[in-house]
2 protein chains.
Amino acid sequence: MSHERVGNRIREIRRRLGWTQAQLAERVGISRVSIVAIERGHFLPTIETSLRISRALGVSIEELFWLKEEKKEDD
Amino acid sequence: MSHERVGNRIREIRRRLGWTQAQLAERVGISRVSIVAIERGHFLPTIETSLRISRALGVSIEELFWLKEEKKEDD
DNA sequence: CAAAAATGTCAAGTATACTTGACAAACAAT
DNA sequence: ATTGTTTGTCAAGTATACTTGACATTTTTG
């Protein structure tokens with residue numbers, strides 16, 4: 001069912017850094033369940049959570065999230 | 001009471017473009033009441049709404065929103 | 001000043017972001 | 001094969017994003 005409107009690359013970048021979901025959750029300051037849900041597109045984070053994820057992973061929001069209507073067709 | 005955690009420059013950039021709240025709302029695809037609330041920091045938009053605002057205004061998310069804990073001290 | 005346009009606010013409702021706790025399934029070690 | 005770690009999922013609750021409609025206030029313009 002995932003979210004059709006916004007794609008993200010959180011998992012890819014998290015794995016590139018060798019972090020677990022639990023580690024990312026702790027650094028971002030939200031629960032691991034929320035990380036799972038966001039990675040898999042079960043719901044869309046707020047701008048605050050997005051900025052914290054972006055900061056934790058060290059990449060820009062634009063590298064992390066995109067509107068599917070107009071960007072890459074993957075995920 | 002506004003949101004203390006995230007600052008934004010939506011109003012400034014909207015005005016620079018000479019747009020009304022109603023015009024921005026229409027282009028973004030949300031209600032004018034929500035634009036008011038987001039501009040004034042009454043609540044935080046989702047990443048989807050943020051990306052649409054960013055696209056509508058033609059500026060990056062990072063130019064539009066920032067975590068107050070670590071960026072500029074102005075509202 | 002008066003009229004019009006833009007902005008702010010309130011209320012009440014709906015949708016969804018996010019939480020904790022618990023457990024199941026997949027994967028990786030020995 | 002068993003143990004440990006990581007990931008996925010469910011349920012039930014709380015917080016908050018966003019809506020419409022209506023109206024008050026402020027700003028702009030003639």
Side-chain angles (χ1 to χ4, degrees), chain A residues 1-59 61-62 64-70 74-75, chain B residues 1-59 61-62 64-70 74-75:
Chain A
M1 249 322 132
S2 310
H3 249 288
E4 301 95 31
R5 305 194 298 266
V6 176
N8 81 80
R9 247 191 270 294
I10 298 172
R11 167 165 314 214
E12 174 188 340
I13 296 170
R14 173 176 62 77
R15 286 192 164 149
R16 192 177 296 158
L17 291 171
W19 295 355
T20 67
Q21 292 175 340
Q23 289 174 321
L24 178 58
E26 191 188 6
R27 293 184 197 232
V28 170
I30 63 177
S31 70
R32 188 182 62 84
V33 170
S34 292
I35 293 289
V36 175
I38 294 167
E39 278 191 353
R40 313 202 102 225
H42 292 149
F43 59 69
L44 301 172
T46 63
I47 186 63
E48 180 181 19
T49 300
S50 305
L51 287 168
R52 300 179 98 108
I53 294 174
S54 159
R55 174 186 61 181
L57 294 177
V59 300
I61 294 276
E62 281 81 3
L64 222 42
F65 300 97
W66 61 89
L67 291 171
K68 280 191 178 170
E69 341 160 9
E70 30 180 57
D74 59 320
D75 194 294
Chain B
M1 251 320 134
S2 312
H3 249 287
E4 301 97 27
R5 306 193 298 266
V6 177
N8 81 80
R9 249 191 267 294
I10 298 173
R11 167 165 313 213
E12 175 188 341
I13 296 170
R14 172 177 62 78
R15 286 192 165 149
R16 192 177 297 159
L17 292 170
W19 295 355
T20 66
Q21 291 176 339
Q23 289 174 319
L24 178 58
E26 191 188 6
R27 293 183 196 233
V28 171
I30 63 176
S31 71
R32 188 181 63 83
V33 171
S34 291
I35 293 289
V36 176
I38 294 167
E39 278 192 352
R40 314 202 102 226
H42 293 150
F43 60 67
L44 300 172
T46 62
I47 187 64
E48 180 180 20
T49 300
S50 305
L51 287 167
R52 300 180 98 108
I53 294 173
S54 160
R55 175 186 60 181
L57 294 176
V59 300
I61 295 275
E62 281 81 2
L64 223 42
F65 300 97
W66 62 89
L67 290 171
K68 282 191 177 171
E69 340 160 10
E70 31 181 56
D74 56 322
D75 181 45

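Quick caveat, the model's predicted, so the values are computed rather than measured. In the text below, chain A, chain B and the rest are named by the order of the sequence lines, each starting its count at 1.
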Output the rounded distance in Å from CD (A/E12) to P (D/dT7). 15 Å

Without decimals, in angstroms, what is the distance between B/H42 NE2 and D/dA15 C1'? 17 Å

Are B/F65 and A/E48 close enough that some pair of their side-chain heavy atoms sits under 4.5 Å apart? no

Check for a donor-acceptor pair, side chain of B/R32 on one end and backbone N or O of B/Q21 on the other, with a separation under 3.5 Å. no

Remember a base hit wins even if backbone is also touched, and classify B/T46 as base, sugar-phosphate or nothing at under 4.0 Å, heavy atoms. sugar-phosphate

Is the backbone of A/T20 close enough, under 3.5 Å, to the side chain of A/Q23 for a donor and an acceptor to pair up by distance? yes

Let me know the distance between CZ of A/R52 and C1' of C/dA17, rounded to the nearest Å. 15 Å

A/R40 CZ - D/dT9 C1' separation (whole Å): 10 Å

Check: B/L24 and B/L57 side chains under 4.5 Å, non-hydrogen atoms: yes

Counting C-beta onward and ignoring hydrogens, is there a side-chain heavy-atom pair between B/R11 and B/R40 closer than 4.5 Å? yes

Nearest to side-chain heavy atoms of B/S31, which nucleotide of D/dG8, D/dT20, C/dC18: D/dT20

Think B/R14 has a side-chain N or O under 4.0 angstrom from the OP1 or OP2 of C/dT7? yes

From the list D/dC18, C/dA6, D/dG8, which nucleotide is the closest neighbour of the side chain of B/T20? C/dA6

Reading nucleotides 22-30 of chain D from 5' to 3' and marking B where a protein heavy atom lies under 4.0 Å of the base, S where only the sugar-phosphate is that close, and - otherwise, the string is ---------

Return the value, rounded to whole Å, for the distance between atom CZ of A/F43 and atom P of D/dC10. 14 Å

Mind calculating the distance between CD1 (A/I35) and P (C/dC18) to the nearest angstrom? 10 Å

Given B/L67 and B/R5, is the side chain to side chain contact (heavy atoms under 4.5 Å, CB included) satisfied, shown in steps? CA-CA 6 Å; B/L67 290 171; B/R5 306 193 298 266; 5.8 Å; no

Could you tell me how far apart A/I47 (CD1) and C/dA17 (P) are, to the nearest whole angstrom? 14 Å

A/I38 side chain reached by A/I30 side chain, heavy atoms, under 4.5 Å: yes

Starting the side chain at C-beta, find the nucleotide from D/dC18, C/dT7, D/dT7 nearest to B/S34. D/dC18

Quick check on C/dA6: is either OP1 or OP2 less than 4.0 Å from any side-chain nitrogen or oxygen of B/R11? no

Atom CD of A/E48 and atom P of C/dT19: how far apart are they, to the nearest Å? 11 Å

I'd like to know if the side chain of B/E39 reaches the main chain of B/V36, judged simply by a donor and an acceptor atom lying under 3.5 Å from each other, with no hydrogens or angles considered. no

Just compare D/dG8, D/dA17, C/dT9 and give me whichever is closest to any side-chain atom of A/Q21. D/dG8

Are the side chains of A/L44 and B/T49 in contact, using a 4.5 Å heavy-atom criterion? no

According to a strict under-4.0 Å criterion, is B/T49 in side-chain N/O contact with OP1 or OP2 of D/dA17? no

Along nucleotides 25-30 of chain C, 5' to 3', which nucleotides get a B, which get an S, and which get a -, given that the test is a protein heavy-atom distance under 4.0 Å? ------

Heavy atoms, side chains only, cut-off 4.5 Å: are A/T46 and B/V6 in contact? no

